[in-house]
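Written out below as structure tokens is the structure these notes cover.
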Amino acid sequence: MTDIKRQKSDIIDVARAARVSPSTVSRSFNHPEMVNPATRKKIDRAVKKLGYIRNRAAQTMHGRRSGTIGLIVPTINHTIFSEVIQAFSDAIDAAGFTLLIASHGYDLDREYEMMRKLLEHRVDGIALIGLEHTDASFNLIEQQAIPAIAIWNHDPNSTMACVGADNREAGRMAAQHLLSFGHREIGLIFPQTTGNDRARQRLEGAIDALDTAGVTVPASWHSEAPYSIAQAKRATTMVLEKHPRPTALLCGNDVIARGALYAAQKTGIKVPEDLSVIGIGDFKGSEDLEPGLTTISIPAQDIGTIAGENFARMITTGDTEILRFKCDLSCVVRGTTAART
């Protein structure tokens with residue numbers, strides 16, 4: 001181990017190989033716009049040749065930014081957050097930051113623990129999904145005076161920066177689409193809402209629209225399914241095997257909607273002739289289903305890009321003004337919904 005450590009190059013070795021001063025090498029990393037492009041190329045060649053890795057921890061000890069941003073998401077098992085994660089990562093990378101990602105499995109107490117671990121790595125900011133978090137998490141952000149942003153949800157009165165959509169409106173739009181097609185026998189398949197403000201708000205919005213239209217959902221038509229196509233298929237099958245059964249299903253997200261389509265296929269129910277199905281999210285692959293999934297489109301890529309660009313700016317400039325950016329929703333009508341005959 002000692003021999004290996006001796007072989008590792010330092011900034012002096014890079015400077016010597018590139019025939020520049022150590023301060024120029026440092027400037028090339030921290031303020032590349034201040035270094036001549038030809039000089040940067042020489043330094044880059046030396047870095048690659050020597051396998052040099054700069055010591056971010058040492059920089060942090062001296063009061064400088066670590067150049068990293070922590071993002072904690074509920075899950076990385078499905079495509080639900082993949083687009084927003086990629087867009088967010090691309091945006092902060094363009095600003096010179098690296099993404100550190102963690103998952104809490106829809107457990108807000110575990111989210112707090114993940115946040116502590118990221119802060120131990122001296123990240124420059126914390127990005128979270130949604131605006132529902134434990135008091136311990138909010139207190140930790142305040143105690144550490146760490147920049148923080150919520151992605152995916154928008155609240156005009158939020159106490160922290162947020163970039164996202166109105167999930168209540170997403171639920172209302174989904175319900176209104178089914179109502180506009182003449183459906184009144186509507187089932188609801190949603191994920192557990194505890195610790196998940198996105199699902200809870202969508203469900204509240206859907207029920208509000210149905211109540212306004214005088215539509216009541218029987219308890220037997222309201223089922224809970226996790227973010228799993230297989231489990232959503234099982235939950236939906238139980239609803240569809242009841243008599244009478246609904247003529248339409250409103251699903252809390254596209255993952256559940258996909259499971260609902262498989263359940264309809266299993267039980268011999270034709271979509272959309274016998275059953276209309278609508279999701280929320282418009283995730284990758286929803287358009288390519290047969291038939292294509294009707295859904296409420298949440299602009300995940302726009303949310304990730306806007307959040308990443310603004311968060312990087314907030315960190316580098318020290319801007320403390322609370323950003324609250326709302327992204328628009330749209331109903332994308334494809335082949336899984338039709339007028340009730």
Side-chain angles (χ1 to χ4, degrees), residues 1-73 82-102 114-115 117-128 141 144-149 151 161 163 301-321 323:
M1 181 66 72
T2 303
D3 291 339
I4 293 174
K5 287 184 176 179
R6 285 186 186 136
Q7 294 170 8
K8 288 184 178 179
S9 301
D10 58 19
I11 195 170
I12 304 298
D13 297 322
V14 174
R16 188 179 296 116
R19 296 185 179 180
V20 297
S21 68
S23 61
T24 300
V25 176
S26 178
R27 194 177 304 114
S28 180
F29 279 121
N30 299 313
H31 302 286
E33 72 283 356
M34 298 175 62
V35 180
N36 183 282
T39 302
R40 289 207 309 269
K41 285 184 179 180
K42 289 198 301 181
I43 293 171
D44 288 342
R45 283 196 296 267
V47 166
K48 290 177 181 177
K49 179 181 178 181
L50 298 171
Y52 169 70
I53 300 294
R54 57 176 169 163
N55 190 342
R56 286 281 197 181
Q59 289 183 329
T60 306
M61 287 174 61
H62 288 87
R64 299 170 68 179
R65 292 199 308 270
S66 67
T68 59
I69 290 175
L71 171 62
I72 308 176
V73 297
S82 61
E83 284 188 80
V84 76
I85 291 171
Q86 187 63 59
F88 184 80
S89 178
D90 290 343
I92 66 169
D93 177 70
F97 290 92
T98 299
L99 182 67
L100 298 181
I101 189 168
M114 294 297 101
M115 191 185 304
K117 289 180 179 179
L118 287 172
L119 289 172
E120 288 172 2
H121 287 279
R122 298 297 186 264
V123 293
D124 297 318
I126 291 286
L128 305 171
I141 290 170
Q144 294 296 314
I146 186 80
I149 190 169
I151 305 174
V163 175
Q301 187 169 353
D302 290 343
I303 290 172
T305 299
I306 294 167
E309 290 175 349
N310 281 277
F311 199 38
R313 176 189 55 78
M314 290 163 54
I315 293 170
T316 54
T317 65
D319 186 3
T320 57
E321 183 178 356
L323 170 74

Is the shortest side-chain heavy-atom distance between [X] and [Y] below 4.5 Å?
{"X": "Val123", "Y": "Ile69", "value": "no"}
{"X": "Ile11", "Y": "Ser26", "value": "yes"}
{"X": "Phe311", "Y": "Val163", "value": "no"}
{"X": "Ile85", "Y": "Leu99", "value": "yes"}
{"X": "Val73", "Y": "Val84", "value": "no"}
{"X": "Ile92", "Y": "Ile315", "value": "no"}

Which atom names give the shortest non-hydrogen contact between [X] and [Y], and what distance separates them?
{"X": "Ile12", "Y": "Pro22", "result": "CD1-CG, 3.6 Å"}
{"X": "Phe88", "Y": "Ala127", "result": "CZ-CB, 3.8 Å"}
{"X": "Ala148", "Y": "Ala161", "result": "O-CB, 3.8 Å"}
{"X": "Ala102", "Y": "Met114", "result": "CB-SD, 4.0 Å"}
{"X": "Ala307", "Y": "Ile151", "result": "CB-CG1, 4.0 Å"}
{"X": "Gly304", "Y": "Ala91", "result": "O-CB, 4.4 Å"}

Take atom CZ in Arg19; do more than 12 heavy atoms of anything else shown fall under 6.0 Å from it?
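For Arg19, atom CZ is not crowded (no more than 12 foreign heavy atoms under 6.0 Å).
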
With a cut-off of 6.0 Å (strictly less than), are more than 12 heavy atoms of other residues, nucleotides or ligands near CD of Glu321?
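For Glu321, atom CD is not crowded (no more than 12 foreign heavy atoms under 6.0 Å).
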
Can you tell me if [X] uses its side chain to pair, donor with acceptor, with the backbone of [Y] under 3.5 Å?
{"X": "Arg122", "Y": "Leu119", "result": "yes"}
{"X": "Arg40", "Y": "Pro32", "result": "yes"}
{"X": "Asn310", "Y": "Ile306", "result": "yes"}

Kindly write out the residues that satisfy side-chain contact (heavy atoms from CB on, under 4.5 Å) with Thr305, not counting sequence neighbours, or none if the list is empty.
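For Thr305, the residues satisfying side-chain contact (heavy atoms from CB on, under 4.5 Å) (neighbours in sequence not counted) are Ala87, Gln301, Glu309.
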
Holding to side-chain contact (heavy atoms from CB on, under 4.5 Å), I want the full list of residues that pass it with Ala94, two or more places apart in sequence or in another chain.
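For Ala94 there are no side-chain contact (heavy atoms from CB on, under 4.5 Å) partners, ignoring immediate neighbours.
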
Please report the interatomic distance [atom1]([X]) to [atom2]([Y]), rounded to the nearest 0.5 Å.
{"X": "Asp10", "Y": "Tyr52", "atom1": "CG", "atom2": "OH", "value": "7.5 Å"}
{"X": "Gln144", "Y": "Ile126", "atom1": "CD", "atom2": "CD1", "value": "10.0 Å"}
{"X": "Leu323", "Y": "Arg313", "atom1": "CG", "atom2": "CZ", "value": "6.5 Å"}
{"X": "Leu118", "Y": "His121", "atom1": "CG", "atom2": "NE2", "value": "7.0 Å"}
{"X": "Lys117", "Y": "Met115", "atom1": "NZ", "atom2": "CE", "value": "13.5 Å"}
{"X": "Leu71", "Y": "Leu128", "atom1": "CG", "atom2": "CG", "value": "8.0 Å"}

Do Arg45 and Lys42 pass the side chain to side chain contact (heavy atoms under 4.5 Å, CB included) test, and can you show the C-alpha distance, the side-chain angles, and the key distance before you say yes or no?
CA-CA 5 Å; Arg45 283 196 296 267; Lys42 289 198 301 181; 3.4 Å; yes

Residues Lys41, Asp44: salt bridge by 4.0 Å N-O rule
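Asp44 and Lys41: not salt-bridged.
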
